[in-house]
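Throughout, protein chains are lettered first and strands after them, A, B, ... in sequence-line order, and every chain is numbered starting at 1. Keep in mind it's a predicted model, so treat the numbers as computed, not measured.
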12 protein chains.
Amino acid sequence: MSNHVYKLIDLVGSSTAGTDDAIRNAIETAALTLRHIDWFEVVETRGHVVDGRISHYQVTLKVGFRLAPEEEGGANAGSDIGIVAGRA
Amino acid sequence: MSNHVYKLIDLVGSSTAGTDDAIRNAIETAALTLRHIDWFEVVETRGHVVDGRISHYQVTLKVGFRLAPEEEGGANAGSDIGIVAGRA
Amino acid sequence: MSNHVYKLIDLVGSSTAGTDDAIRNAIETAALTLRHIDWFEVVETRGHVVDGRISHYQVTLKVGFRLAPEEEGGANAGSDIGIVAGRA
Amino acid sequence: MSNHVYKLIDLVGSSTAGTDDAIRNAIETAALTLRHIDWFEVVETRGHVVDGRISHYQVTLKVGFRLAPEEEGGANAGSDIGIVAGRA
Amino acid sequence: MSNHVYKLIDLVGSSTAGTDDAIRNAIETAALTLRHIDWFEVVETRGHVVDGRISHYQVTLKVGFRLAPEEEGGANAGSDIGIVAGRA
Amino acid sequence: MSNHVYKLIDLVGSSTAGTDDAIRNAIETAALTLRHIDWFEVVETRGHVVDGRISHYQVTLKVGFRLAPEEEGGANAGSDIGIVAGRA
Amino acid sequence: MSNHVYKLIDLVGSSTAGTDDAIRNAIETAALTLRHIDWFEVVETRGHVVDGRISHYQVTLKVGFRLAPEEEGGANAGSDIGIVAGRA
Amino acid sequence: MSNHVYKLIDLVGSSTAGTDDAIRNAIETAALTLRHIDWFEVVETRGHVVDGRISHYQVTLKVGFRLAPEEEGGANAGSDIGIVAGRA
Amino acid sequence: MSNHVYKLIDLVGSSTAGTDDAIRNAIETAALTLRHIDWFEVVETRGHVVDGRISHYQVTLKVGFRLAPEEEGGANAGSDIGIVAGRA
Amino acid sequence: MSNHVYKLIDLVGSSTAGTDDAIRNAIETAALTLRHIDWFEVVETRGHVVDGRISHYQVTLKVGFRLAPEEEGGANAGSDIGIVAGRA
Amino acid sequence: MSNHVYKLIDLVGSSTAGTDDAIRNAIETAALTLRHIDWFEVVETRGHVVDGRISHYQVTLKVGFRLAPEEEGGANAGSDIGIVAGRA
Amino acid sequence: MSNHVYKLIDLVGSSTAGTDDAIRNAIETAALTLRHIDWFEVVETRGHVVDGRISHYQVTLKVGFRLAPEEEGGANAGSDIGIVAGRA
């Protein structure tokens, strides 16, 4: 029975449309670079207001993904949002 | 002036569509068995991700309903989600 | 040495008189159906105001009682507020 | 470099439609009287249930706006929701 | 179906007699100027001690009242504790 | 894609041996009556001390289980710890 | 023995210099309009960063002041930050 | 201007009568040995139930008192509840 | 019916072996000087890491003991961890 | 490998100058009587206002020190802030 | 005196054996890629249940390690769990 | 209207001088590798004490920066503190 280890990172998704859309944007950005994303947890919901109207909904969430250290070369061995080969 | 007593139970509604829909699913399931449901309080919003896309939104909420002990036979004298006559 | 297991339920007691009275009302309602009630913990104190005066004090509390699964038939093997034979 | 001072007030928006709509209603009501609204923070999401269906979503949020004391006569020098000239 | 908006303000009631009395003092002071007060939530209970005896019980509470912006002239369109016509 | 609804109950497991054992005792007692138990979350860890030695470790945890309302007669349609047919 | 009632408002002071200076700015702005300010409580400390350097420290604090409703005409009977006679 | 230093200790007062009485019992016990007690803050309210009735209200509170180290011999230079000359 | 007063102190137990052992070490040290220890509550679990391995588990806990002021001379009238006759 | 036990006490440092100075005052007062002080944790920052200006910054902090029970007579075996031989 | 900067990452260790083992698994996985790991803080303890028995204990913890930016090439100058040269 | 996504990382800045300086040190270290840093939030303030004097102030803060995945090659497409080209 393998004892997986997961990593959690904090992202803030934003959207002009609504809170669920802000969550989707954060997950989709994460999925550009991260595999094995397993779950998310909403931490906080805020928003920006311009001229009396909501310009952006901003949702802070924790995104959890499984670490696959054994697949040494695996792209997800330690992927972290936006960390592309060779750069932080 | 009667001093009502209310009970709160913790439910987790889930939905493929969004957070509000997950709340509605939890309330509708509660209403299958519970009368006098009065209010809900969102405790936590999480979600499950498969292949980089949100598969389910999961909202944990407290559901409050009035206890009507005096109506001895009343279905709601002590109903609790899914508790069918004769079973807890 | 027996390792007891206890269950906690959330009740909201209300009273026109005051906060302590709201707590007593919740405990007394619980005791109608539950034996082995052992303790309570206040979670929140709110109130309802009508015409500038407090109409009800509302105290949310957790009520803890010992589960006696071995007494199969025991009324408290799994009693939950207001859960009377045959009903939720 | 000017050191602005902002004020935060607590509003509860409600809506029959959903949580985002409840937020919009609160911001729009605030904007009737307040200028320089800059951001909001969701504090709590609750709702009211009638006959087993959600009647209102209720979102408590903090609304932040910049104070412009220097503009002595400025309507927003100290505006606060619904505070119309001459009244609290 | 109208979507009401409510405002919450923070008051600290104090009393030489006890905690419930401190709550009542805060609500009664609020009601001097505010109509449509609907509920209160206790945030914190502290007290002041002089010569080894409790001199004052101090209860911090949020007081919620419905905003009636449409009743333009309504005293409560934006009333806030102690905010009398023409003064903050 | 079905939108499951889950219920969470609060149990306190106790043990003379240690914290993990107290958790196991709570889950095992839950499993006597509940099917579809899916997860647990530790809320609080306390203990009782007699004559300067720890007599019991007491762990409060939330236990989550899937509700299967559609299986009308299903024992788990609404079972709650220790709630046996006809009793709370 | 008089039972005073106090009001708490939420302000965010900012400063290019540091956190204590941000607190002072908030209190000084409050004192422009409020008398009987008695205490403050820091709620949160954040800051804004431009080009890798801290541009502003932003401290959110609750400011408590005594309400003097009896002094009907008293400027502080209901003063609230920046609320000048006739304006919100 | 002297910069006082205060100490806070945690006490649990209990009473068969009510919550305010439990607070008074804790303060009075503290005052047996402590001078310069200045304030208290309620942390938690619990209670013990026997045979379906509340046997004791138990209020946990922080009690704050000024340290007067300079008065070397002063009884309160470091008094702590129940710590009598020569004993812990 | 006597209204006992209890005192709570904060201790951090540490252990190379594990979290339960760290709790036991704290209680055993407390019991060197304190009688009437009644319960403990875990506040936080941390640990120290050296060369990639856990060197110490550190558990912060509140330890509650009954004050026996009436037993004037009682060793526990105000004992506090490590407080030896004559010293705090 | 020795398993140390530490004690945490709650102090409130105050200063007319600023928050860091209030922390220093608390630590320096602690060090008058306590050896092996190891760390501090800020719990809360408040302040007192007189005539519209900050008169005192007040920082509540937990101060952690190692207990050296083996040094039976050691001044720090159970020293607690300001606890001088023979007094609490 | 050098002012170190540390980074904290969130990991979830899991284990079929127990909570301490889940913590060890997380630290050991971290140490595969991270040097200068200094401490951990437990955030949350959950677990997964299959067929009425605990299948995995899951402990979320923050892992703190010292950043050594000056050692430009140092593996730990910015290593983050599982982040291997060239990959996230 | 572009919906940006931001990332938050946890850093602990330390300083022998004071809390604000510890914050600056953390931001400056972050800026060595991260562009588009937008804000910080203080999570916790602690400190280390040696020989009765504060040796280091340690401030834990969340640092938020905008992710620019579209600038594929952009250094900040996913930079994370100290993550140098080619390494985690």
Paired with C:Val12, the side-chain contact (heavy atoms from CB on, under 4.5 Å) test is passed by just one of B:Leu8, B:Leu67, B:Val5, B:Asp38, namely B:Leu8
Reported OG1-to-CD distance for the pair C:Thr60 and B:Glu41, which is rounded to 0.5 angstrom: 7.0 Å
With sequence neighbours left out, write down each residue that passes salt bridge (charged side-chain N to carboxylate O under 4.0 Å, His left out) with B:Asp21, or none if nothing qualifies. B:Arg24
Pairwise side-chain contact, B:Asn3 with C:Thr16, heavy-atom cut-off 4.5 Å (strictly under): yes
